[in-house]
Amino acid sequence: MKILFVVSEVEDLAKTGGLADVAKSLPIALKALGHDVRIVKPYYKQLAEKFKLGNVADEQLLRAGDKEYRFNIKRLELETVPVYCVDYPDYFHRAGLYSDGYEAFGDNAERFAFFSMAALRTAQAMDFQPDVVHCNDWHTSLCPYFIKRDDSGFFARCRTLLTIHNGAYQGVHRFADISFLRPHAELAAQIDSQGNLNFLKMGIQYADKINAVSPNYARELLTPLGSHSLYHDFQHRANDVSGILNGCDYQQWDPGSDKFLPAHYTGEALQGKALCKQTLQQEAGLPEKANVPLIGMLCRLTEQKGFGYLLPVLNQLLQHNVQILVIGTGDPVISDVLQFNAAQFPDKLVFRNDFSTRMAHLLEAGSDFFLMPSLFEPCGLNQMYSLAYGTIPIVRAVGGLRDTVLDLQMLPEQATGFMFEAPDSSALLNCVRRAMLFYHEYPDRFVQMQKRAMRQKFTWYDAALNYQALYQHCLPMDS
């Protein structure tokens, strides 16, 4: 099967979040299954400066009304997968991918409308006629629309899949500001009362199939509460919506070989985890107490990550014999509250307003629990890392968290963590208290839970098999 994977960022090349992890790991896993997979992404400034690639085709020309867009195509290899890069310096040779670090670029809609069409033109220039064009999130959600309108015949038998990694980001922009789309008069019917075009909504309407990055998140998208205000759009396509759980890169996240850890350990020999905890306490400036539960939290400081539930009860939580380490950057209001509480309880709470890969790995290994009280969580990766490191997740039962963590109360003999349902602070506080009580009262059972957690595996091989089946379901019956 020929698969064109169109995406705005890729791990090892240009990354801002989990989308990039998927965009690297899934194509590689699909390639291993024998498929011909090609990635198309923008040729960002950081990529151009690092690789300085030559052109692999003649200069390409796209026209939109009286405006011309001339771009080049670069190529590199990501392990076994070819990556084609759309080189249009006016749009992509900037300091950031989507923003300057403070504000989103004002022409993002124009940039990614152009990129969606340029990605398809790239496939034509490379004479790569895909069976499936797999687009991702709002940045490439116009690909299905452009394919439906293509009259060249090149994409006549091609089918499209839109994967939603986070439906809260929809690419809502004023249509009048998108020069590339002005010739498309029929889009007037898609413009809302404020004059905006919703890119994700366009993808939901035109893609042949739609999937989310976990089965439970797919179910949530079909509900009024979980649909990010696109309930009727998802309901209209309900028969074409499904969910496939992301995988975890167990080569990067393996406590038995992790280069960032002071000691290695496995599910059969957990001893090294104690030294990881001691090292984490030392580096965080927490008292070195082996028998005090240490709760780690590593995430962006945003409302989505559940700080609206945590902050109101943080003072109550810190009355217990507990240590909490929070690492992340983002909302300054959240940061201020965390810093205030850390000053009140310096031996119990440490907040680091930064990020480093080494500390991310050490936090996963050295913590006893990992806290993810998310408002919503399409898939989540940190709970998978935590399970792999024998660090028990405390999560809200949403999205992929529900698909990957088994709660002690529900399945005592199979449990790998603790979950709460209600979207409120008291439910979070009760869940954390329940976890700490289990830690203190049942130390042997806690160790068994750690070992059980470390046996869980969510592989990209399994995810790729599921995507392979979904692609087949997309294709015409005679393919």
Side-chain angles (χ1 to χ4, degrees), residues 1-10 14 17-27 30 35-42 81 83-86 97-98 108-109 111-124 126 128-150 154-155 157-167 169-173 180-181 187 190 197-213 218 221 230 233-234 237 240-244 246 378-379 463-464 467-468 470-471 473-475:
M1 199 182 310
K2 293 182 177 179
I3 303 157
L4 187 72
F5 198 90
V6 187
V7 69
S8 60
E9 57 182 83
V10 180
L19 171 62
D21 298 289
V22 179
K24 174 190 174 183
S25 298
L26 178 57
L30 288 165
H35 299 292
D36 188 351
V37 188
R38 316 284 178 95
I39 299 171
V40 184
K41 68 175 298 297
V81 178
V83 181
Y84 298 110
C85 303
V86 172
L97 274 59
Y98 316 117
N108 273 344
R111 296 170 72 222
F112 288 103
F114 159 77
F115 171 67
S116 294
M117 177 68 86
L120 302 179
R121 177 60 62 84
T122 296
Q124 291 176 291
M126 295 294 100
F128 181 71
Q129 197 164 25
D131 298 301
V132 175
V133 172
H134 186 160
C135 38
N136 297 269
D137 277 350
W138 75 264
H139 317 90
T140 56
S141 285
L142 292 184
C143 286
Y145 166 75
F146 289 137
I147 287 174
K148 289 286 195 295
R149 293 187 73 260
D150 178 67
F154 190 83
F155 296 99
R157 295 183 60 78
C158 171
R159 296 296 182 264
T160 56
L161 171 66
L162 170 63
T163 293
I164 298 175
H165 302 259
N166 191 331
Y169 301 102
Q170 299 175 10
V172 180
H173 302 275
F180 192 79
L181 296 181
L187 290 179
Q190 308 292 337
L197 182 70
N198 185 315
F199 279 43
L200 187 64
K201 189 173 182 177
M202 288 282 292
I204 295 166
Q205 179 176 340
Y206 285 96
D208 292 300
K209 296 291 180 182
I210 303 149
N211 86 292
V213 289
L221 291 175
L230 294 176
D233 301 279
F234 283 117
R237 298 297 309 279
D240 295 313
V241 176
S242 60
I244 296 175
N246 282 343
C379 177
Y467 274 102
Q468 175 180 262
L470 184 54
Y471 295 150
H473 196 49
C474 286
L475 296 177

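Starting from 1, each residue takes its place in the sequence as its number.
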Please find the pair of heavy atoms, one from [X] and one from [Y], that lie closest to each other, and give the distance.
X    : Y    : result
A464 : L26  : CA-CD1, 4.0 Å
A119 : L4   : O-CD2, 4.2 Å
P42  : F112 : CG-CE2, 4.3 Å
L221 : A212 : CD1-CB, 3.9 Å
A109 : F199 : O-CZ, 3.5 Å
D137 : N166 : OD1-N, 3.4 Å

Rounded to the nearest 0.5 Å, how far apart are [atom1] of [X] and [atom2] of [Y]?
X    : Y    : atom1 : atom2 : answer
S8   : Y98  : OG    : OH    : 2.5 Å
I147 : Y206 : CD1   : OH    : 13.0 Å
D21  : H165 : CG    : NE2   : 10.5 Å
D150 : Q124 : CG    : CD    : 6.0 Å
I244 : N211 : CD1   : CG    : 5.0 Å
I204 : S141 : CD1   : OG    : 7.5 Å

Does any non-hydrogen side-chain atom of [Y] lie less than 4.5 Å from one of [X]?
X    : Y    : value
I164 : F234 : yes
H173 : W138 : yes
F114 : V86  : yes
L161 : Y467 : yes
N198 : L230 : yes
F5   : V81  : no
V40  : L120 : no
F128 : T122 : no

Would you call K2 and D131 a salt bridge, taking side-chain N to carboxylate O under 4.0 Å as the test?
-> no

Exactly one candidate in C143, C135, P144 meets side chain to side chain contact (heavy atoms under 4.5 Å, CB included) with S116; the answer is C143

Residue K201 excluded, over 12 heavy atoms near NZ under 6.0 Å | no

Verdict with supporting geometry, T163 and V213, side chain to side chain contact (heavy atoms under 4.5 Å, CB included) = CA-CA 7 Å; T163 293; V213 289; 3.8 Å; yes

Under the 3.5 angstrom rule, does the side chain of [X] hit a backbone N or O of [Y] as a donor-acceptor pair?
X    : Y    : result
R38  : P130 : no
E9   : G17  : yes
Q468 : L30  : no

Taking atom types as modelled, is there a side-chain donor on D208 or T160 under 3.5 Å from an acceptor on the other?
-> yes

Can you name the residues that form a side chain to side chain donor-acceptor pair (under 3.5 Å) with Y471, not counting sequence neighbours?
-> H134

